[in-house]
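Only one structure is covered here, and it is reproduced in the block below.
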Number of protein chains: 2
Amino acid sequence: MLDRTDLLILDELSKNSRIKMKELGEKVHLTGPATSARVAKLEGNGIIQGYTIKINQEKIGYTIHAIIQIYMKDTNHQPYQTFIKKQKDYVINNYKVSGESCYLLECKFPSNEKLDEFLEGLSKYVSYKLSIVINNK
Amino acid sequence: MLDRTDLLILDELSKNSRIKMKELGEKVHLTGPATSARVAKLEGNGIIQGYTIKINQEKIGYTIHAIIQIYMKDTNHQPYQTFIKKQKDYVINNYKVSGESCYLLECKFPSNEKLDEFLEGLSKYVSYKLSIVINNK
DNA sequence: TCATTTTACTTTATTTATGAAAGGAGTTAA
DNA sequence: TTAACTCCTTTCATAAATAAAGTAAAATGA
């Protein structure tokens, strides 16, 4: 299904998704139009789900990166899910997981005040364990 | 430092980083060159760290998404870090965290065999708790 | 206060990239 | 062998990016 060239294209687009088709073509030894057709195919079959940017969250004021293990108090997850949906500014990912906890919630906050406020709300619905990210190497 | 227009630009580029500067300009009520200059500034000051793609990992054979809590057996983290550096194919993020565990390791695997192999290696250096991601809503 | 500089933008013109169309080479299958 | 596909290249028209020049408003400073 995917050959070496496709994987190379994915790799290059991961590193720089705004690369020109001509330049990407040079990297994978194809012409611009051939490369463009390959990329369109990868979009069409859903392997490329979208084009996005990496934002330095600290530089835009989100200095706290938290990962929170969520334990349900109740079998009904809906109140928790509804709460999370309202916190789009803070929530990066809300993973349902197998293992010790029920969810792993990845969030960003601009201050301890906002984090505290969030946890106050959260604790109405679930129990949690908080981890704060120090680095990512 | 960042005004409303900058935040709008970041938002639009997050949704589609390959958008034309002219089209992005229309969304934020600027001309192409003005938009282009704003974006260049956001790149220059490091707020935009890079342009990338979202890849559907399942469609390229990575069906297992795991998050692993890491507990050090020893005060020396180096053997663990060295091991992780060798596992680039599988490791998405290796967060050093405060809280219960020392690290939160996010990984992807193409099969239970590869996951098992990885865990066998991992257990030489650290203790761990494994969570498998079911969904992300 | 008023002149000067800076910043942020628009407009225009040139360069560059994209995307459509035509065609060729290699592969597969009747 | 021939037809149908796939995947590519080349060519060319169109569209976008970029550089340069100019403008207007805001900030700076004597």
Side-chain angles (χ1 to χ4, degrees), chain A residues 1-63 88-90 108-111 114, chain B residues 1-63 88-89 108 110-111 114:
Chain A
M1 186 163 185
L2 288 190
D3 65 14
R4 187 158 312 181
T5 302
D6 290 316
L7 293 174
L8 253 174
I9 286 172
L10 291 177
D11 195 46
E12 290 299 331
L13 287 176
S14 293
K15 288 189 232 158
N16 175 18
S17 67
R18 275 191 80 89
I19 192 172
K20 305 300 173 198
M21 286 301 120
K22 191 187 165 189
E23 193 187 339
L24 178 55
E26 281 163 16
K27 287 182 188 283
V28 304
H29 309 108
L30 286 176
T31 58
T35 310
S36 195
R38 288 261 191 168
V39 170
K41 209 170 192 177
L42 290 167
E43 290 169 8
N45 63 22
I47 288 170
I48 295 177
Q49 290 183 303
Y51 297 88
T52 188
I53 52 172
K54 277 177 272 186
I55 294 175
N56 187 328
Q57 294 293 343
E58 294 194 7
K59 289 198 177 178
I60 62 170
Y62 287 93
T63 54
K88 289 241 166 79
D89 280 0
Y90 303 140
K108 58 186 161 73
F109 299 96
S111 65
K114 294 293 184 184
Chain B
M1 185 165 186
L2 289 191
D3 64 14
R4 188 158 311 180
T5 301
D6 290 317
L7 292 174
L8 253 174
I9 286 172
L10 291 177
D11 195 46
E12 290 299 332
L13 287 176
S14 294
K15 288 190 232 158
N16 175 19
S17 67
R18 274 191 81 88
I19 192 173
K20 306 298 174 198
M21 285 303 119
K22 192 187 164 191
E23 193 188 338
L24 178 56
E26 282 163 16
K27 286 182 188 284
V28 304
H29 308 108
L30 285 176
T31 57
T35 310
S36 196
R38 288 262 193 169
V39 170
K41 208 169 192 178
L42 290 167
E43 291 168 9
N45 63 22
I47 287 169
I48 295 178
Q49 290 183 303
Y51 297 88
T52 189
I53 52 172
K54 278 177 270 183
I55 294 176
N56 186 327
Q57 294 293 342
E58 295 195 5
K59 290 199 177 178
I60 61 170
Y62 287 93
T63 54
K88 289 243 166 77
D89 281 359
K108 59 186 158 76
S111 65
K114 294 293 184 183

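Sequence lines set the chain letters: A, B, ... in the order given, protein chains first and strands last, and positions in each chain run from 1.
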**Q.** Euclidean distance, atom CD1 of residue B:Ile19 to atom C1' of C:dT18 [Å, nearest integer]
**A.** 16 Å
Q) In whole angstrom, what separates A:Met1's CE from D:dC7's P? A) 12 Å
Q | Whole-Å distance separating the CG atom of B:Leu42 from the P atom of C:dA8 | A | 11 Å
Q: To the nearest 0.5 Å, tell me how far A:Ile55 CD1 sits from B:Leu13 CG.
A: 8.0 Å
Q: Between B:Met21 and A:His29, just flag the one whose closest nucleotide in DNA chain D comes earlier from the 5' side.
A: A:His29
Q: Whole angstrom is fine here: how far is it from CZ in A:Arg18 over to P in D:dA16?
A: 12 Å
Q | Carboxylate-amine/guanidinium contact B:Lys27 B:Asp11, below 4.0 Å | A | no
(Q) Nearest to the side chain of B:Lys22, heavy atoms from C-beta on, is which of C:dT18, D:dA16, D:dC7? (A) D:dA16
Q | Between D:dA17 (C1') and A:Glu23 (CD): distance, integer Å | A | 14 Å
Q) Does A:Gly32 offer a backbone N or O that forms a donor-acceptor pair with the side chain of A:Ser36 under 3.5 Å? A) no
Q: Could you state the atom-to-atom distance from NZ of B:Lys41 to C1' of C:dT6 in whole Å?
A: 10 Å
Q: Could you check how far CZ of A:Arg4 sits from C1' of D:dC7, rounded to whole Å?
A: 18 Å
Q) Is it true that a side-chain atom of B:Arg18 and a backbone atom of A:Ser17 form a donor plus acceptor pair closer than 3.5 Å? A) yes
Q: Choose from D:dA16, C:dA17, C:dC9 the nucleotide whose nearest atom is closest to any side-chain atom of B:Lys20.
A: D:dA16
Q) Quick one: is A:Ser36 getting a side-chain N or O under 4.0 Å of the C:dT18 phosphate, OP1 or OP2? A) no
Q. Quick one: does B:Lys22's side chain have a donor or acceptor within less than 3.5 Å of a partner on B:Thr35's backbone?
A. no
Q.
Tell me the interatomic distance from A:Leu30, atom CG, to D:dT10, atom P, rounded to whole angstroms.
A. 12 Å
**Q.** Residue B:Ala34, side-chain heavy atoms: nucleotide from C:dC9, D:dC8, C:dA8 that is nearest
**A.** C:dC9
Q: Look at A:Thr31 and D:dC8 and indicate whether a side-chain polar atom (N or O) is within less than 4.0 Å of OP1 or OP2.
A: no
(Q) Side chain of A:Pro33 only, heavy atoms from C-beta on: which candidate in C:dA20, C:dT11, C:dT18 is closest? (A) C:dA20
